Amino acid sequence: MRKPKTIAPPKGKLGVLTPGMGAVSTTFMAGVELVRRGQALPIGSLTQMGTIRLGKRTEGRSPRIKDFIALAKLEDMVFGGWDVFPDDAYEAASKSGVLEAKHLDVVKKFLSGIRPMKAAFDQNYVKNLQGTNVKKGKTKFDLAEQIKDDIRVFQKKSGAQRLVMVWCGSTEVYQTHQPVHRSVKEFERAMKENHSAIAPSMLYAYAAITSGVPFANGAPNLTADIPALLELAREHNVPLAGKDFKTGQTLLKTILSPGFKARMIGLNGWFSTNILGNRDGEVLDDPGSFKTKEESKLGVLDYILQPHLYPELYGKIHHKVRINYYPPRGDNKEGWDNIDIFGWLGYPMQIKVDFLCRDSILAAPIVLDLVLFMDLAHRAGLRGIQEWLSFYFKSPMCAPELYPEHDLFIQLMKLKNTLRWMTGEELITHLGAEYYD
Ligand SMILES: NC(=O)c1ccc[n+]([C@@H]2O[C@H](COP(=O)([O-])OP(=O)(O)OC[C@H]3O[C@@H](n4cnc5c(N)ncnc54)[C@H](O)[C@@H]3O)[C@@H](O)[C@H]2O)c1
């Protein structure tokens with residue numbers, strides 16, 4: 001990655017497009033509007049609430065990130081999206097049951113004005129959904145062209161100068177790399193031949209990239225994490241990021257497990273189970289979609305604990321993840337973790353975590369930060385995988401020869417150092433030897 005020479009200023013409106021206007025997307029949109037009306041705080045958002053230390057500890061320079069680097073202003077954001085259901089953002093937010101009437105009533109007019117465009121959808125990829133607001137097209141390539149038209153029309157109507165797309169659609173069935181994902185040529189041919197290895201989410205990613213729009217993936221689907229789309233992103237100078245927003249149980253896992261490793265505490269097993277009753281839970285009730293999520297959730301421990309380096313501590317871990325669809329809970333998930341650890345001389349201990357969390361409340365600030373940072377990356381001329389945004393993902397995308405970095409604290413350091421690097425500030429190594437000369 002070459003250091004940016006200049007960062008273009010964030011002039012004019014920034015259009016945010018979300019394929020999928022369900023719980024996460026509408027909680028994000030409603031939240032941004034409430035914050036700009038001064039009725040709520042953007043809690044959980046690093047771009048809005050976080051600070052960054054610059055220079056030496058003795059200098060006392062720790063501005064808010066949003067005051068340090070030129071990010072788009074919330075006031076300049078405009079929204080659009082696609083969904084397989086025709087509900088506008090107010091109806092969708094009401095049905096998903098995340099925000100209470102005291103919040104939704106205030107932003108009803110704003111949300112009602114955001115109507116979903118017709119989706120590129122195929123039930124083979126999300127078995128438990130059936131919708132009516134769906135595009136028709138002879139081939140997958142036609143559908144991608146229609147999405148590109150939607151992008152153009154949205155940009156014109158909204159007056160947005162720049163756009164960012166964040167996939168907030170359902171989790172698609174599990175897929176691995178196929179030969180048709182290898183190059184742009186093969187990928188385009190496969191779209192024209194309606195090849196089954198081209199999932200709907202890939203059509204949005206293709207449309208975004210070829211329209212010069214940065215693309216982030218909030219679900220665990222393969223989507224843009226294939227050589228063909230990586231190649232295309234480099235060609236079109238478009239930043240990419242993904243996959244799968246890191247919220248809830250996995251967020252805690254990547255907070256706790258680096259702590260165990262730091263203190264050389266052993267781990268025998270980690271059993272995670274969830275009850276979840278929203279539409280996401282219903283989609284994940286299908287084994288194909290669950291497999292995609294499971295793979296994404298299982299990876300983190302191996303990468304953080306590095307059993308090949310510490311076979312005595314982490315060589316025999318039983319790691320299990322379960323998600324149970326349980327409608328009474330709606331979006332208010334409950335995640336239980338039983339963690340079997342061991343200490344000095346091998347004596348066993350247990351930790352139990354019971355996290356009564358709100359999925360979309362944790363995900364919404366991630367969408368906001370990704371929108372602002374992806375727009376920043378684009379204005380700075382960065383293209384391809386933005387590994388510094390791993391902080392936000394369960395399955396961070398990275399170069400093929402690398403392993404992904406999952407440790408939340410390393411991810412945060414990487415993110416902040418990237419901001420320093422982009423602006424010519426000194427990188428912070430935390431060595432601190434200079435204070436003791
Ligand atoms: N909430 C979290 O904490 C969290 C964390 C990590 C990942 N995610 C992922 O984010 C995504 C959104 O989560 P959610 O809770 O908002 O789910 P949701 O079910 O409320 O919303 C997803 C929406 O996407 C729509 N959709 C599905 N396929 C589509 C397509 N091809 N085109 C357009 N729209 C399509 C669905 O109709 C639905 O309205 C899911 O994939 C979920 O797994 C959520």
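Ligands are counted one by one from 1 in listed order, and the atoms in each one are counted from 1 as well. Computed from a predicted model, the values in this text were never measured in an experiment. We use all heavy atoms of the structure for the numbers below, so side chains are in, but hydrogens, waters and symmetry mates are not.
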* Structure fact -> Ala120 heavy atoms within 4.0 Å reach ligand 1 at atoms 30 (C), 31 (N), 32 (N)

* Flag, side chain of Gln178 to backbone of Thr176, donor-acceptor distance under 3.5 Å -> yes

* To do: Could you tell me which atoms of ligand 1, counted from 1 in the order shown, lie closer than 4.0 angstrom to a heavy atom of Gly20?
  => 23 (C), 24 (O), 25 (C), 33 (C), 34 (N)

* Structure fact -> atom 9 (C) of ligand 1: closest protein heavy atom, distance to 0.1 Å, is Gly218 O, 3.6 Å

* **Identity and separation of the nearest protein heavy atom to atom 40 (C) of ligand 1** => Gly169 O, 3.2 Å

* **Residue and atom name of the nearest protein heavy atom (relative to atom 19 (O) of ligand 1), distance in Å to one decimal** => Arg279 CB, 3.3 Å

* salt bridge (charged side-chain N to carboxylate O under 4.0 Å, His left out) evaluation trace for Lys95 with Asp87 -> CA-CA 9 Å; Lys95 285 184 188 167; Asp87 299 334; 3.0 Å; yes

* Is Asn133 reaching over with its side chain to a backbone N or O of Asp83, donor-acceptor style, under 3.5 angstrom? -> yes

* Asked: With a 4.0 Å heavy-atom cut-off (strictly under), which part of Val24 contacts ligand 1: side chain, backbone, both or neither?
  -> both

* Structure fact -> Near Lys394 (heavy-atom distance under 4.0 Å), the atoms of ligand 1 are 5 (C), 6 (C)

* Which of the numbered atoms in ligand 1 are below 4.0 angstrom from a heavy atom of Leu129? -> 27 (C), 36 (C), 37 (O)

* Asked: Stepwise, does the salt bridge (charged side-chain N to carboxylate O under 4.0 Å, His left out) test hold for Arg152 with Asp149?
  -> CA-CA 5 Å; Arg152 272 192 292 274; Asp149 285 341; 2.4 Å; yes

* Does Thr171 have a heavy atom less than 4.0 Å from any atom of ligand 1? -> yes

* Asked: Going by heavy atoms, is Ser96 under 4.0 Å from ligand 1?
  -> no

* To do: Answer yes or no: is there a donor N or O on one side and an acceptor on the other, between the side chain of Gln146 and the main chain of Lys136, under 3.5 Å?
  => yes

* Asked: Which protein non-hydrogen atom lies closest to atom 20 (O) of ligand 1, naming both residue and atom, and how far is it?
  -> Ala23 N, 2.9 Å

* To do: Could you tell me whether the side chain of Asn268 and the main chain of Asp340 form a donor-acceptor pair under 3.5 Å?
  => no

* Atoms in ligand 1 flagged as close to Asp359, the criterion being non-hydrogen separation under 4.0 Å -> 1 (N), 2 (C), 3 (O)

* Tell me which protein heavy atom sits closest to atom 12 (C) of ligand 1, plus the residue, atom name and distance to 0.1 Å. => Cys168 O, 3.2 Å

* **Test item: Lys246 side-chain N/O and Tyr392 main-chain N/O as donor-acceptor pair under 3.5 Å** => no

* Under 3.5 Å, side chain of Arg379 to main-chain N/O of Ala70, donor-acceptor pair present? -> yes

* Asked: Among protein heavy atoms, which lies nearest atom 17 (O) of ligand 1, and at what distance?
  -> Asp280 CB, 3.7 Å

* Check whether any heavy atom of Val283 sits under 4.0 Å from an atom of ligand 1. => no

* To do: For the pair Ser257 (side chain) and Leu301 (backbone), establish whether a donor and an acceptor sit closer than 3.5 Å, ignoring hydrogens and angles.
  => no

* Hey, is CZ on Arg115 packed in by over 12 heavy atoms from elsewhere, all under 6.0 Å? -> no

* Asked: Does the pair Glu33 and Arg36 meet the rule for a salt bridge (charged side-chain N to carboxylate O under 4.0 Å, His left out), with working shown?
  -> CA-CA 5 Å; Glu33 179 65 1; Arg36 21 189 211 203; 2.8 Å; yes

* Looking only at protein heavy atoms, which one is nearest to atom 27 (C) of ligand 1, and how far off is it? -> Ser170 OG, 3.1 Å

* Asked: Under 4.0 Å from any heavy atom of Ala119, which atoms of ligand 1 are there?
  -> 32 (N), 33 (C)

* Pick one of side chain, backbone, both or neither for how Glu282 approaches ligand 1, counting any non-hydrogen atom pair under 4.0 Å. => neither

* Any donor-acceptor pair under 3.5 Å linking the side chain of Thr18 with the backbone of Met21? -> no

* Which atoms of ligand 1 are found less than 4.0 Å from any heavy atom of Ala219? -> 41 (O)

* For atom 6 (C) of ligand 1, the option (of Tyr125, Trp167, Phe245) bearing the nearest heavy atom -> Phe245

* Check if Tyr204 has a non-hydrogen atom at a distance under 4.0 Å from any atom of ligand 1. => yes

* Just by modelled atom types, is the Ala30 backbone N or O under 3.5 Å from a matching donor or acceptor in the His103 side chain? -> no

* Asked: With atoms numbered from 1 as shown, which atoms in ligand 1 lie under 4.0 angstrom from a non-hydrogen atom of Phe85?
  -> 37 (O)

* Asked: Considering only protein heavy atoms, which is closest to atom 25 (C) of ligand 1, and at what distance to one decimal place?
  -> Asp83 OD2, 3.3 Å

* Asked: Should Asp331 and Arg358 count as an ion pair when the cut-off is N to O under 4.0 Å?
  -> no

